[in-house]
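Reading through the structure tokens given below for one structure.
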Amino acid sequence: YFDVCAIIVLIILLASLYFRNMISGRTNKILALLLVDILVSTILDCWAEAYTIWLPAKESNIWFRELLFSAYFLFRNLTTPLYQLFICAITDTWHILVKNKWLKLMLITPYLVVCGLLFTNPFHHMVFYINENLIYTRGPLIYVLYAIAFFYFLYGTVYLFTYKKLLTVDKFIASIIMYPLNIVAVLIQLFFPGCMVEMFMTSVTMLLITLVVQRPEETINPVLGVRSYIAYTLDMKKVFYLHKPVQIIFVKLVNYRALFFFFFFDVGNQLLKRTVAGMMSCYGTEHLPIDLYYLENGLFALVTEKDQTDKL
């Protein structure tokens with residue numbers, strides 16, 4: 001029942017991202033990918049644990065049950081590195097992760113160990129196995145998966161505290177609370193296997209993050225659908241704090257007031273929307289990703305991370 005509740009919450013969150021137009025931009029894409037990963041993990045967990053509802057437990061289908069559990073562990077252990085990428089996105093420290101080989105190794109290597117253990121488990125059954133009574137049983141190497149998850153918890157916690165100044169207090173608390181709540185849930189399920197609260201707790205923390213950390217109402221211009229002046233000031237604060245190399249181009253509509261005076265509010269907004277569409281079609285390509293901000297009074301800012309002025 002906890003898994004079923006988690007599935008409902010995650011589907012609602014994914015639907016809200018779509019209907020709130022939170023499907024573009026690096027942060028939103030990583031958040032959506034993270035929610036999909038958690039949703040798939042929850043479905044696999046529910047299917048594997050309630051396996052006998054669909055099929056009788058037999059020796060002939062042990063391989064399929066093991067496949068379900070392996071797939072669950074693969075997706076479940078992918079959650080923590082994906083969440084770390086989300087942290088990099090909300091702190092705008094993506095360029096630091098890309099340039100630092102040790103950060104990349106610490107992010108990728110543990111998950112590769114998880115993949116290695118799960119892919120070889122059918123040969124040694126040291127992670128988990130189906131015993132002679134056709135019951136799922138943990139092996140000694142299952143604790144390696146828990147240790148790796150705990151390593152990612154430490155990794156993310158240290159990272160958040162390192163760049164704490166780049167987040168407001170409420171966003172920092174909402175981001176870091178993911179770790180202690182999930183540790184508690186993992187421990188409960190570790191010592192009480194029948195109490196499957198892990199995925200439900202994860203879905204609740206993602207609900208909190210979606211409501212507190214990713215609030216488009218704060219940073220998106222409601223008329224034009226591009227980032228607002230508030231978003232620009234917050235992002236520039238991160239740029240100066242991190243000494244991040246960016247290119248900024250300002251575009252000013254010199255006849256902005258005349259447009260609204262002669263064409264009135266609705267028509268003026270339609271012209272602004274066409275201006276936004278034109279700039280995005282010219283500059284927002286895969287090879288030149290940009291962030292477009294509307295700073296009010298006919299002033300736009302185009303920001304790109306790389307020195308690609310010759311392409312603009």
Side-chain angles (χ1 to χ4, degrees), residues 3-47 71-95 97-98 104 107-108 111 149 152 155-156 159-160 166-167 170-172 174-179 181-182 198-222 224-228 231 234-235 238 280 284-286 289-293 303 305:
D3 277 351
V4 172
C5 292
I7 290 171
I8 295 172
V9 171
L10 292 165
I11 290 175
I12 292 173
L13 289 179
L14 284 168
S16 73
L17 291 186
Y18 177 78
F19 288 111
R20 294 161 71 193
N21 294 319
M22 296 174 60
I23 53 178
S24 61
R26 177 184 294 158
T27 305
N28 289 334
K29 289 179 180 178
I30 294 176
L31 177 61
L33 184 61
L34 181 59
L35 289 173
V36 170
D37 173 75
I38 297 172
L39 176 60
V40 173
S41 302
T42 308
I43 293 172
L44 289 169
D45 186 39
C46 185
W47 192 359
Y72 162 74
F73 283 120
L74 277 174
F75 281 95
R76 180 55 180 151
N77 283 271
L78 183 60
T79 302
T80 39
L82 282 179
Y83 188 68
Q84 179 58 39
L85 294 181
F86 177 72
I87 291 173
C88 291
I90 62 174
T91 55
D92 201 19
T93 53
W94 194 270
H95 61 293
L97 176 66
V98 171
K104 288 190 289 187
L107 181 67
I108 298 172
Y111 186 68
Y152 278 121
Y155 185 114
Y159 202 95
L160 276 170
L166 300 176
L167 299 173
D170 58 339
K171 291 183 179 181
F172 173 77
S175 300
I176 203 167
I177 204 171
M178 168 84 162
Y179 296 121
L181 290 180
N182 276 273
E198 183 179 342
M199 301 311 302
F200 177 72
M201 186 65 74
T202 302
S203 66
V204 170
T205 53
M206 292 309 301
L207 173 62
L208 179 64
I209 288 167
T210 305
L211 293 176
V212 177
V213 179
Q214 289 298 95
R215 286 183 293 191
E217 297 81 7
E218 286 185 340
T219 57
I220 300 296
N221 183 288
L224 303 181
V226 297
R227 309 201 76 186
S228 65
L234 293 173
D235 290 347
K238 296 174 183 177
M280 291 304 296
T285 66
E286 294 181 0
I290 66 165
D291 289 317
L292 178 60
Y293 303 83
V303 181
E305 295 182 5

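Partners of Leu208 by side chain to side chain contact (heavy atoms under 4.5 Å, CB included), not counting sequence neighbours, listed by chain and number: Ala174, Ile177, Val212. The side chain to side chain donor-acceptor pair (under 3.5 Å) check on Tyr293 picks up Asp235, with sequence neighbours excluded. Annotation: ring pair (Phe, Tyr, Trp, His ring centres under 6.0 Å) contacts of Phe200 (sequence neighbours excluded): Phe2. Residues passing the salt bridge (Lys or Arg N to Asp or Glu O under 4.0 Å) test with Asp3: none are found, sequence neighbours excluded. Applying the side chain to side chain donor-acceptor pair (under 3.5 Å) criterion to Tyr72, with sequence neighbours excluded, gives no partner residue. Taking Tyr152 as the reference, nothing meets the ring pair (Phe, Tyr, Trp, His ring centres under 6.0 Å) condition, with sequence neighbours excluded. In this view, Val36 and Leu14, Val40 satisfy the side chain to side chain contact (heavy atoms under 4.5 Å, CB included) rule, not counting sequence neighbours. Every residue two or more places apart in sequence or in another chain that forms a side chain to side chain contact (heavy atoms under 4.5 Å, CB included) with Ile108 is listed here: Leu112. Residues that satisfy the side chain to side chain contact (heavy atoms under 4.5 Å, CB included) test with Ile12, not counting sequence neighbours, are Ile8.
The stretch residues 32-42 participates, sequence neighbours left out, in no salt bridge (Lys or Arg N to Asp or Glu O under 4.0 Å) pair at all. Sorted by first and then second residue, the salt bridge (Lys or Arg N to Asp or Glu O under 4.0 Å) pairs involving residues 83-93 (not counting sequence neighbours) are Asp92-Lys244. Applying the salt bridge (Lys or Arg N to Asp or Glu O under 4.0 Å) rule to pairs touching residues 72-91 yields Arg76-Glu198, sequence neighbours excluded.
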